[in-house]
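Heavy atoms only: backbone and side chains are in, while hydrogens, waters and symmetry mates are out. Here is how names work: the chains are called A, B, and so on, in the same order as the sequence lines, proteins then strands, and each is numbered from 1.
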4 protein chains.
Amino acid sequence: MLEELKSAVCEANRALVPAGLVRLTWGNVSGIDREAGLWCIKPSGVDYEALRPQDMVVLDLEGRVVEGAHNPSSDTKTHLHFYRSFAAIGGVTHTHSPRATAFAQACQELPCFGTTHADHFHGPVPLARMLTPEEVAADYEHHTGVVIVERFHELGLDPLAMPAVLQAGHAPFTFGKSPMDSVKNSIALEMCAQMALDALRLNAALEAIPDHLRDKHFLRKHGPGAYYGQPPL
Amino acid sequence: MLEELKSAVCEANRALVPAGLVRLTWGNVSGIDREAGLWCIKPSGVDYEALRPQDMVVLDLEGRVVEGAHNPSSDTKTHLHFYRSFAAIGGVTHTHSPRATAFAQACQELPCFGTTHADHFHGPVPLARMLTPEEVAADYEHHTGVVIVERFHELGLDPLAMPAVLQAGHAPFTFGKSPMDSVKNSIALEMCAQMALDALRLNAALEAIPDHLRDKHFLRKHGPGAYYGQPPL
Amino acid sequence: MLEELKSAVCEANRALVPAGLVRLTWGNVSGIDREAGLWCIKPSGVDYEALRPQDMVVLDLEGRVVEGAHNPSSDTKTHLHFYRSFAAIGGVTHTHSPRATAFAQACQELPCFGTTHADHFHGPVPLARMLTPEEVAADYEHHTGVVIVERFHELGLDPLAMPAVLQAGHAPFTFGKSPMDSVKNSIALEMCAQMALDALRLNAALEAIPDHLRDKHFLRKHGPGAYYGQPPL
Amino acid sequence: MLEELKSAVCEANRALVPAGLVRLTWGNVSGIDREAGLWCIKPSGVDYEALRPQDMVVLDLEGRVVEGAHNPSSDTKTHLHFYRSFAAIGGVTHTHSPRATAFAQACQELPCFGTTHADHFHGPVPLARMLTPEEVAADYEHHTGVVIVERFHELGLDPLAMPAVLQAGHAPFTFGKSPMDSVKNSIALEMCAQMALDALRLNAALEAIPDHLRDKHFLRKHGPGAYYGQPPL
């Protein structure tokens, strides 16, 4: 079942450690087959280098496991809520990559300080609030998704134009058209956070780049007028 | 004698350099067989990549070498005091990993600034004081252990719920259920210290995450209600 | 056509990731054959490790593609303007290497804080201004080149004595006598930016080294009195 | 001639890049055979991975090349002055390792902030002044050595108890009993500089560790009472 998707999700999970995004088992990637109405995710607490496609856990959009011998990631309900809320996304990555996590811990959004950022994220990467004690007690992972989706709705954000979020006190999540696309956005986010930390060191009052420059770089790569890369095969 | 333990301790020592925790010969891991009442540790000043299980030095709980052709680690008496004082630990790792050591040198505990920290350490990682001239002169390595154990008692800490400590002016030690588990806690500590350094750069007045979030993350992974990972085989 | 140049440009592009200058597809190198009046550049959005010499896109000095099955880099018009304006350069590298990009984002030139810098860059690495909305709308990549060349003319700079520039809000470009020489200048620039970030952390009021030291180091390696390295074969 | 020494110097030079101390050709190691009164050094501007023992340049203590087809390192006269002035040293390493160089560029000595430092350097790593225009003009590399040796004499330092120095505006040099020993001191220096940068970020008014702790760590590893490591074979 879903062999292609399981392979893609496995490959995307295995890319996390070589990309420098993950230590130990601190991250997970999922992907969805919208036609089948099924998605799959990394099993919980398993080392990346041992992962095989058949180890992926397949779930439906009610969160029921429909295939797989392992427990799914402890963050499964968060991913589920993203797939139910954001119809356009095809993959989700969660890491604790250190510089993006530093912004999350400092409870600060990541401003768009340069074109590297604008190439991937069409504005500041938003901060989602911490959960209340009641939300944590009731269903921590589900409410993590709820709070993030609410934040996107408040700000009127499209998760493919803003495929990243920082949860206060926790860490980043990124979205993508595919599992590997969401991993690439995690790489971009971590690099932009690193550049921002150093740029703020040089100028603590630094402001975002102007809109015309931000829009130019985002729209070179995204949307109907994009001209970056090669035409689809 | 203790073939399994010597292999586990050897493997854990050899993991230090690839994990980015150690340069030159700046670190050592030990492990204990509680039933046998024996433990073993890296030989002093030997390169990691040349280590073989038979090079490990086996000692009893009086600190006497019972097997091994090499001098044990110069930090042997510190490890010994931990095994005598903390009945639940199965492994100890000592490194000079740079960001954790920066906190130790700055004589600051490491606050719990996020869920990455809370996943591993149930509260701030404590700081143990520097030794006095008298303690250094009398028995430096033994008193290093004494001062750390005293600090755990003062704070009422369980070394498996708080498996790390920073010694002022020196460096970190971590504990674990096994030798490799203590290495993993050293990896987690170094990453949390890196994140904390950058989060403090963004907000010098940053405070710890609230207790309900800290407890949720720690207890997802530890104790009777844990649901992270796979069931034991 | 231009087999040697295509191989050299391919090799220089493939060197970007191992050198730690580039993540994803954030960089490109080009090179020119002045006698043929032709130059070539990386294809847009293609992974580096898959690049072969025959994938390079060959253009003339009017910017017309004369050979190659792929779209050239989206930054092609910027490179073209450099080759038309700077007769002595043989290669151009563009990256978003993180510390150099932090200076660009902070809108600061990179002062000559030490001999490492002076060995490669004969003075402060200049900052070129951001483009206006009109320039972006008219032809973004062409005007990027125009603004940088204007800055070199304003400051009276020779692009082989100052083979680097930071564009405000964007990232660095470097020049060289050959494609690989421009990559080496990108490596030097990134390291000098890293050293400068840390040196400024230690002394926020740090000033450039005196001229006699700067000149000595630059002229040890460059020009008729150079005595660094081996005589040409 | 001097096959063993040339092999040791070659191996020590080749260790610089994997140790993360050197980019491009920014470093060199030399070693001496005191009985023969001859020493050898890396050829200038040659890549490390291509180095073979027979490429090393052999010189006498007057600085005359006695064997070797290449130009010696441009820093040869600096090394020569160290061998003439410090009878106990057997190897010298020069790098532009980034954190140690940041201290040199900031014109600050490196205080002894912890036991990692004290294990290798018996006190603060000294700063040597910049050369005057006259010294640069007369003989830059020779006077670099002169200024450093004068600084050691002023401070009454033994180059094996303080096997490192930072030259203002330039970079570090380290000493050792052998070529590889001097490389290890460069590794230790770079790590101590990294830890110091981060410790100072946490506490800008941080002071050196007390003498009793510094002395204990240094003397555990050095001198007649040392007990670190294994007995000589």
Side-chain angles (χ1 to χ4, degrees), chain A residues 15 18-21 97 99 110-120 176 180-181 183-222 225-233, chain C residues 20 22-27 43-47 55 57 68-76 94-111 129-141 143-144 166-171 193-194 196-198 200-201 204:
Chain A
L21 297 172
S97 69
R99 286 80 165 215
L110 179 67
C112 179
F113 285 139
T115 64
T116 321
H117 184 117
D119 281 335
H120 295 267
M180 192 58 87
D181 191 40
V183 172
K184 289 183 179 178
N185 285 327
S186 283
I187 293 171
L189 178 66
E190 178 66 6
M191 290 302 289
C192 291
Q194 178 180 346
M195 291 172 185
L197 278 159
D198 284 338
L200 286 168
R201 230 207 268 181
L202 292 168
N203 179 1
L206 188 61
E207 296 193 1
I209 56 173
D211 291 0
H212 70 277
L213 193 56
R214 179 198 68 200
D215 293 349
K216 176 65 185 178
H217 266 263
F218 188 77
L219 299 171
R220 278 209 315 178
K221 285 199 166 179
H222 305 272
Y227 56 93
Y228 183 91
Q230 304 300 325
L233 293 180
Chain C
V22 162
R23 304 298 302 268
L24 302 170
T25 55
W26 299 351
S44 181
V46 174
D47 282 345
D55 298 323
V57 184
H70 299 286
N71 291 341
S73 165
S74 56
D75 297 310
T76 292
H94 173 49
T95 79
H96 289 216
S97 70
R99 286 80 167 215
T101 301
F103 274 87
Q105 291 188 352
C107 301
Q108 295 184 8
E109 65 175 28
L110 179 67
R129 68 169 169 81
M130 286 189 201
L131 303 198
T132 65
E134 294 69 31
E135 289 165 335
V136 166
D139 193 339
Y140 174 62
E141 291 82 5
H143 284 294
T144 296
L166 302 165
Q167 194 186 30
H170 186 187
Q194 178 180 345
L197 278 160
D198 284 338
L200 286 168
R201 232 206 266 181

Do you know which of A/Q194, A/M195, A/Q230 has the most heavy-atom pairs with chain C at a distance under 4.5 angstrom? A/Q230
Under 4.5 Å heavy-atom distance to chain A, tell me which part of C/E135 shows up: side chain, backbone, both or neither. neither
Is it the backbone or the side chain of C/L131 that comes under 4.5 Å from a heavy atom of chain A, or both, or neither? backbone
From A/L219 atom CG to C/Y140 atom OH, the distance as rounded to the nearest 0.5 Å: 12.5 Å
Please state whether the side chain, the backbone, both or neither of A/A208 comes within less than 4.5 Å of a heavy atom of chain C. neither
What do the steps show when you test A/R201 against C/D198 for salt bridge (charged side-chain N to carboxylate O under 4.0 Å, His left out), and what is the final call? CA-CA 10 Å; A/R201 230 207 268 181; C/D198 284 338; 3.3 Å; yes
May I ask you to check whether over 12 heavy atoms, not counting those of A/K184, lie within 6.0 Å of atom NZ? no
Please classify the contact of A/D211 with chain C as side chain, backbone, both or neither, using a heavy-atom distance under 4.5 Å. neither
Please classify the contact of C/Q105 with chain A as side chain, backbone, both or neither, using a heavy-atom distance under 4.5 Å. both
Quick one: which of C/G45, C/S44, C/P72 has the most heavy-atom pairs under 4.5 Å with chain A, could you say? C/S44
State, with a plain yes or no, whether a side-chain heavy atom of C/L24 is found less than 4.5 Å away from one of A/H120. yes
Below 4.5 Å from any heavy atom of chain C, which atoms of A/H217 appear? Answer side chain, backbone, both or neither. side chain
Proximal component of A/L206, with respect to chain C [non-hydrogen, under 4.5 Å]: side chain
Please give me the minimum heavy-atom distance between C/A102 and A/L202, naming the atom from each residue. O-CD1, 3.9 Å
Heavy atoms only: give me the nearest A/Y227-C/S74 pair and the separation to one decimal. CE1-CB, 4.4 Å
Residue from C/G169, C/P133, C/A196 scoring the most non-hydrogen pairs under 4.5 Å with chain A is C/P133
By a 4.5 Å heavy-atom criterion (distance strictly below it), what part of A/A118 contacts chain C: side chain, backbone, both, or neither? neither
How many angstroms lie between atom NE2 of C/H96 and atom OG1 of A/T116, to the nearest 0.5 angstrom? 4.5 Å
In terms of heavy-atom proximity below 4.5 Å to chain A, should C/S73 be classed as side chain, backbone, both, or neither? neither
Which bit of A/R220 is near chain C, if near means a heavy-atom gap under 4.5 Å: side chain, backbone, both or neither? side chain
Search all heavy atoms of A/G229 against all heavy atoms of C/N71 and return the closest pair with its distance. O-ND2, 3.1 Å
Of the non-hydrogen atoms in A/A19 and C/R23, which two are nearest, and what is the gap between them? O-NH2, 2.8 Å
